[in-house]
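Here is the structure we will look at, set down as structure tokens.
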Amino acid sequence: MTAVVSGTPRFTISPRRKVVNKAMLGLCVAAATFAVAVLMWIFGYVIVQGARYVNIDFFTNLPAPVGEAGGGFLNALVGTGIMVGMASAVSIPVGVLAGIYLAEFGRSWMAQVVRFINDTLNATPSIVAGLFAYTLVVLQVHRFSAIAGSVALAVLMIPTITRTAEEMIRLVPRTLRDAALALGIPEWRMTLQIVLPAAASGIVTGIMLAIARVSGETAALLFTAFNNRFLSFALDQPMSSVPVQVFTYAIAPYDDWHHQAWAGSLVLVSLVALFSAAMRIATRNRHRMRA
Amino acid sequence: MHPMEQSSPRASTYLAEGAAHGEAASKTSADHAGNALSPGGPSPKMRARNLTVRYGPIVAVTDVSLDVPARQVLALIGPSGCGKSTFLRSLNRMNDTVPGAVVSGDVELDGQSICGTEIDPVLVRKRVGMVFQRASPFPTSIFENVAYTVRVAAHRGQRDVADRVEHALRQAELWNEVKDRLKESGTSLSGGQQQRLCIARALAVEPEVLLMDEPTSALDPIATAKIEELVSELRKGLTIVIVTHSMQQAARISHRTGFFNMGSLIEVGDTTTMFTRPREHQTEDYISGRFG
């Protein structure tokens with residue numbers, strides 16, 4: 001009040017506010033730069049170390065014996081593809097359906113329990129998922145196998161997909177559901193044909209996150225799928241994967257193998273990035289809802 | 001400046017404005033004369049009997065009995081939170097979708113009860129459609145918005161879907177504006193067009209009754225006028241119940257008007273009578289702008 005009484009009204013920003021504003025903005029920019037810089041550093045380092053060794057042989061050849069040049073990661077690339085594919089085939093339907101359940105019937109005590117367990121699973125270290133698959137599959141048949149690896153990966157994927165699907169379905173406005181129901185559209189059709197498509201792009205993002213996460217998963221595969229130096233399509237046999245092969249090569253004492261490990265890392269990161277981008281473009285919602 | 005003295009002239013201004021508004025409104029006034037629902041007249045299309053709706057501990061609608069005359073427009077007015085929308089939603093079982101809502105009393109459609117657990121709300125909603133305050137096109141194309149409804153709710157074969165879509169869009173006076181852009185997104189339309197798309201979608205089910213919950217409160221005056229013209233056209237074949245905050249709108253397009261306050265139906269009657277000689281003090285106070 002004193003300011004009004006003591007003189008003419010001033011509309012200039014006070015010097016203190018200017019300084020605080022600049023300082024806060026500076027802090028935000030610094031934090032964002034730091035976050036991106038670390039990411040860029042990692043990515044740049046992988047490129048610098050690995051780019052030289054990514055060539056046709058890397059994609060088409062099997063590992064060469066130590067000392068021989070020209071070996072590749074074909075077995076590992078195929079193995080990762082198969083195991084991530086199998087894990088996705090199980091975890092995407094289970095995760096999305098569980099997400100629908102939680103979003104649409106989330107009030108019951110049963111749903112509360114499911115949600116709590118799911119969140120706990122989401123925070124579970126991957127080695128625990130590996131142990132679970134080891135006990136469930138490997139110990140029963142006394143053999144490392146692609147199936148055991150896929151089980152471990154699926155266990156890691158389901159909670160992520162469930163959580164995102166639930167959140168995305170909840171974001172679909174009530175007005176859209178009401179509009180559908182008021183037309184005499186049965187509830188199950190409303191959920192599957194109106195709500196789910198409206199939430200699709202968000203759910204796909206969640207699925208991509210889950211796939212990206214397990215594509216680089218090493219701990220869960222070490223003692224489930226183990227490794228295989230040959231190209232294998234047998235699901236009941238040990239199978240190679242890119243991260244496990246990178247791990248094996250990285251701790252080996254041979255320079256050749258170190259180079260290949262860098263190349264493997266680069267290819268893995270690039271594949272995940274490309275796949276994510278492609279999926280985002282393919283499922284981009286042309287019919288965006290108003291906010 | 002006694003409020004009672006000023007209220008009557010002001011109330012009748014609504015009607016004067018309405019009459020000046022155009023063709024639609026003059027038809028309304030002409031229709032009024034013979035259409036008062038009198039005892040012993042034609043049986044109502046819908047009938048609510050002692051309807052009470054509770055949301056948990058809150059009573060939203062208290063013991064409302066109201067007839068909805070066939071092929072007329074019934075307007076429901078009243079201040080925010082007076083229960084008129086809740087009442088409207090119980091006419092096609094939409095309160096089923098609200099967690100914790102408990103409905104007692106009865107609602108009849110053509111003399112048959114639509115309440116009770118043995119009644120399939122999906123079948124009720126096919127005969128009693130609804131349009132909401134906020135237009136919610138499905139996140140698909142303009143064509144598909146209506147076509148989906150035709151296929152799913154009206155159980156039409158694939159063959160005449162395109163014809164049915166065109167018919168519904170023409171009924172909603174939208175066809176000429178969208179016929180060259182049917183593949184575009186429904187959400188790319190303007191607000192008023194989106195609302196007419198939603199009406200087209202509702203008409204595609206071929207309902208007998210259309211409930212409209214403040215269909216123009218989010219629209220500009222020109223879009224509002226289009227919807228009002230549409231309502232005047234549709235009432236020839238359809239029973240319409242419209243909830244509105246605009247008393248001018250009620251005066252322009254309805255045959256009968258019901259006034260709600262605090263969850264109760266205070267008064268219902270011929271629209272002309274309601275706006276010129278209301279029986280109840282509360283009604284008079286509300287339409288003269290003393291509260292609400």
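Note on naming: letters A, B, ... go to the chains in the order of the sequence lines (proteins, then strands), and numbering restarts at 1 for each one.
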*So, for B:I142 and B:R181, which heavy atoms are closest and what is the spacing to 0.1 Å?*
CD1-O, 3.3 Å
*In terms of side-chain geometry, is the basic nitrogen of B:E173 or B:K226 positioned less than 4.0 Å from the acidic oxygen of its partner?*
no
*Please state whether the side chain, the backbone, both or neither of B:R127 comes within less than 4.5 Å of a heavy atom of chain A.*
neither
*Side chain, backbone, both or neither: which part of B:V131 has a heavy atom under 4.5 Å from chain A?*
neither
_Between A:R170 and A:E167, does any side-chain N to carboxylate O distance fall below 4.0 Å?_
no
*Residues which pass side-chain hydrogen bond (donor to acceptor under 3.5 Å, both in side chains) with B:S190, listed by chain and number, not counting sequence neighbours*: B:Q193
*Does any heavy atom of chain A fall under 4.5 Å from the side chain of B:P121, the backbone, both, or neither of them?*
neither
*Checking heavy atoms, do the side chain of A:R174, its backbone, both or neither come under 4.5 Å from chain B?*
side chain
